[in-house]
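Read the structure below first, then the notes.
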Amino acid sequence: MNPEYRSITGTFDILPDTSTTDGASDAPSSTWRYIEDVIHKVMQRFNAEEIRTPILEPTPLIARGVGAYTDIVSKEMFAFERGDTHYVLRPEITAPVVRAYLQHHLDQRGGVQKLYYIGPCFRAERPQKGRYRQFHQFGAEIMGTDDPRADVECIALMMAIYEEIGLSGLRLRLNSVGNPASRARFVEALQNYLEPYRHELSETSLQRLEKNPLRILDTKAQHEQEILQDAPVLLDFLDEESEKHYAEVKTLLQDLEIAFVEDPTLVRGLDYYTHTAFELESADIGAQSALGGGGRYDLLAQELGSKQAVPSIGFASGIERLLLAMEAQGIEAPAAPAVDVFLAALGDEAQRWVFRWAQQLRAEGLSVGLDLRGRSLKSQMKEANRQRAEYTLIIGGNELEAGGAQVKHMESGEQEEVAFDNLVAYLQRRIEA
RNA sequence: GUGGCCGUAGCUCAGUCGGUUAGAGCGCCAGGUUGUGGCCCUGGAGGUCGGGGGUUCAAAUCCCCUCGGCCACCCCA
């Protein structure tokens, strides 16, 4: 079609089936629904409550809540201005949830707030496998406690969803970035260590050295990796409190028999991230191997203006990557439901009869298909077949006269006459089973 | 933002030493069955050969530009 009207690069349509692939999700809408159903179900099991926030947020919220020196904020935001308001299409959902928590004083509901979300996010990156400009995240935030059990419950919740879907062989990486005091000491040590290597560092790493030193740790540059071989290790700088929190998290994970590997290079770069950081990886979904990740952010609420600390932990996962992992492991979602009964009509009078009966049967809760083009009976039968109708009613002049419909069971091909008066009961009885 | 690969029907693809009206299978529509789907047979619709420009008597085929897709880098979901 005219390129001017095509869907935007990096976005895709989710269609009823997968008969076309250009600019469409590889998975049909029924598969998306299935995944969403699983998410809702598992979240419910963990007594998390759904929250829905706007897709449009004020740019300063994201800049502050995600971090000005992150790639997301510095180069990947879809942001624009109207009048004196700066808008951004949300690149993630944690900051908006914290915003909503503070704006609506959710702490006043009492207790820990366990909130979850599913929805689209936007980042202006070059698309590739598992990466899109509009993509879909689900996640949960457990807010109002710094108890390590919250960390583990958050991880357990995330894992339970993948478990329920049936994925296996995933790798959970775990680390602690400590509290601000211990991290500050580590950052100083890291900066001191790297000082002599300054001239060997890339431009971005040099910038990070000043603004956001932790992120140097996850550099991919071979040479910088080598330099970092002998660098100070974050875990060695944890103070007693941080050490204790981390140890507790590991113990609790073991109690729940959730396997993990410790990875000291796994970091969350910004100051308001504390303690636990984790990421869930799959080896078979391409270069973008992270299915989901998260961590503790005890200081974010204050960053956004809260007088009180709201110690919290959350995770976020990508639905597109979940789909990739399902495909790689041959996991199929249930097929979209078929119609219960298709009404085939022959002749004008029968058409009117069928049109009314479709409405009635639907009111009885049956899903009903019918012809809207006045086509031949044969065509209508083909249509019924395509819609995978369980039963097809055939109504023509003979049936109207006899006061009963021909009811055909499509799979067996068996057909019998059923009086109009008994139709609803007949169909309901058979279709329930 | 950078790099590599790829764009022929709705889908999967054939057709490229340049040469008459661009093909197949599947799907779609219709007929064979004047009231019956799935199998089979027959016919039909559907293509700016991604787009623009150039070379040529002649371009799906060669050249340039451009758009789109895929994959990778950076980084993340």
Side-chain angles (χ1 to χ4, degrees), chain A residues 1-12 15 17-24 26 66 69-76 90-94 118-139 158 202-205 208 215 218-221 266-269 279-282 285-294 315-325 342 344-347 350 369 373 375-389 391-399 406-415:
Chain A
M1 82 177 287
N2 184 336
E4 218 176 328
Y5 301 140
R6 283 183 54 94
S7 54
I8 298 285
T9 294
T11 70
F12 54 84
L15 303 173
D17 65 43
T18 53
S19 58
T20 186
T21 52
D22 184 27
D26 286 338
V66 176
Y69 303 114
T70 57
D71 285 356
I72 292 176
V73 170
S74 59
K75 60 181 195 196
E76 295 169 5
R90 65 182 184 195
E92 55 100 54
I93 307 186
T94 298
I118 307 176
C121 295
F122 304 82
R123 293 183 198 172
E125 294 183 278
R126 194 74 160 257
Q128 73 185 72
K129 188 172 186 179
R131 164 182 292 165
Y132 304 91
R133 289 188 174 172
Q134 174 173 344
F135 60 103
H136 299 78
Q137 283 196 340
F138 63 91
M158 177 178 81
S202 68
E203 201 171 316
T204 50
S205 286
R208 285 173 186 170
R215 279 200 49 215
D218 58 23
T219 179
K220 298 271 165 48
L266 177 63
V267 291
R268 285 287 179 274
E279 209 166 289
L280 185 66
E281 283 185 332
S282 165
I285 62 171
Q288 307 309 317
S289 58
L291 287 166
F315 82 90
S317 284
I319 294 183
E320 288 79 2
R321 293 184 186 178
L322 172 53
L323 283 165
L324 285 174
F342 189 93
L346 219 95
R373 295 197 283 186
R375 300 201 294 166
S376 69
L377 180 61
K378 176 172 174 155
S379 297
Q380 294 184 61
M381 294 303 291
K382 286 182 86 157
E383 182 66 21
N385 197 51
R386 190 167 29 233
Q387 292 185 17
R388 292 162 25 244
Y391 288 90
T392 298
L393 301 198
I394 298 156
I395 292 102
N398 300 344
E399 286 71 24
Q406 289 296 324
V407 180
K408 182 166 189 171
H409 185 249
M410 293 299 275
E411 202 181 314
S412 65
E414 282 166 24
Q415 182 172 317

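Order of the sequence lines fixes the chain letters, A, B, ..., with proteins taken first and strands second; residue numbering starts at 1 for each chain. All values reported here derive from a predicted model rather than from experimental measurement.
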Closest approach to the side chain of [X], judged atom by atom: which nucleotide of [options] is it?
{"X": "A:Phe135", "options": "B:G69, B:G35, B:A77", "answer": "B:A77"}
{"X": "A:Arg123", "options": "B:G35, B:G37, B:C76", "answer": "B:C76"}
{"X": "A:Leu346", "options": "B:G31, B:C71, B:G35", "answer": "B:G35"}
{"X": "A:Lys378", "options": "B:G35, B:C75, B:G31", "answer": "B:G31"}
{"X": "A:Ala287", "options": "B:C75, B:G38, B:A72", "answer": "B:A72"}

*Does B:C29 have OP1 or OP2 sitting under 4.0 Å from an N or O in the side chain of A:Arg386?*
yes
_P gap between B:C71 and B:A60, integer Å_ = 31 Å
*asked:* In whole Å, measure the gap between the P atoms of B:U61 and B:G19 for me.
replied: 10 Å
*asked:* For RNA chain B, please output the secondary structure as dot-bracket, reading 5' to 3'. Pairs are Watson-Crick or G-U wobble, both atom distances under 3.5 Å; mark crossing pairs with [ ], other-strand partners with |, unpaired with a dot.
replied: (((((((..((((.....[...)))).(((((.......))))).....(((((..]....))))))))))))....
*For A:Ser379, answer base if it contacts any base atom (sugar-phosphate contacts may also be present), sugar-phosphate if it contacts only those atoms, and nothing otherwise; contact means non-hydrogen atoms under 4.0 Å.*
sugar-phosphate
_What's A:Glu279 touching, base or sugar-phosphate or nothing? Going by heavy atoms closer than 4.0 Å._
nothing
*Which sits closer to the 5' end of RNA chain B, A:Thr9 or A:Ala290, going by the nucleotide each is nearest to?*
A:Thr9
*Which comes earlier along RNA chain B counting from the 5' end, the contact point of A:Glu92 or that of A:Gln415, where each point is its nearest nucleotide?*
A:Gln415
_Side chains of A:Leu280 and A:Phe315 in contact at under 4.5 Å (non-hydrogen atoms)_ = no
Pick out the pairs of N or O atoms, protein on one side and nucleotides 1-6 of chain B on the other, that lie under 3.5 Å.
from, atom 1, to, atom 2, distance (Å)
B:U2, O4, A:Arg126, NH1, 2.9

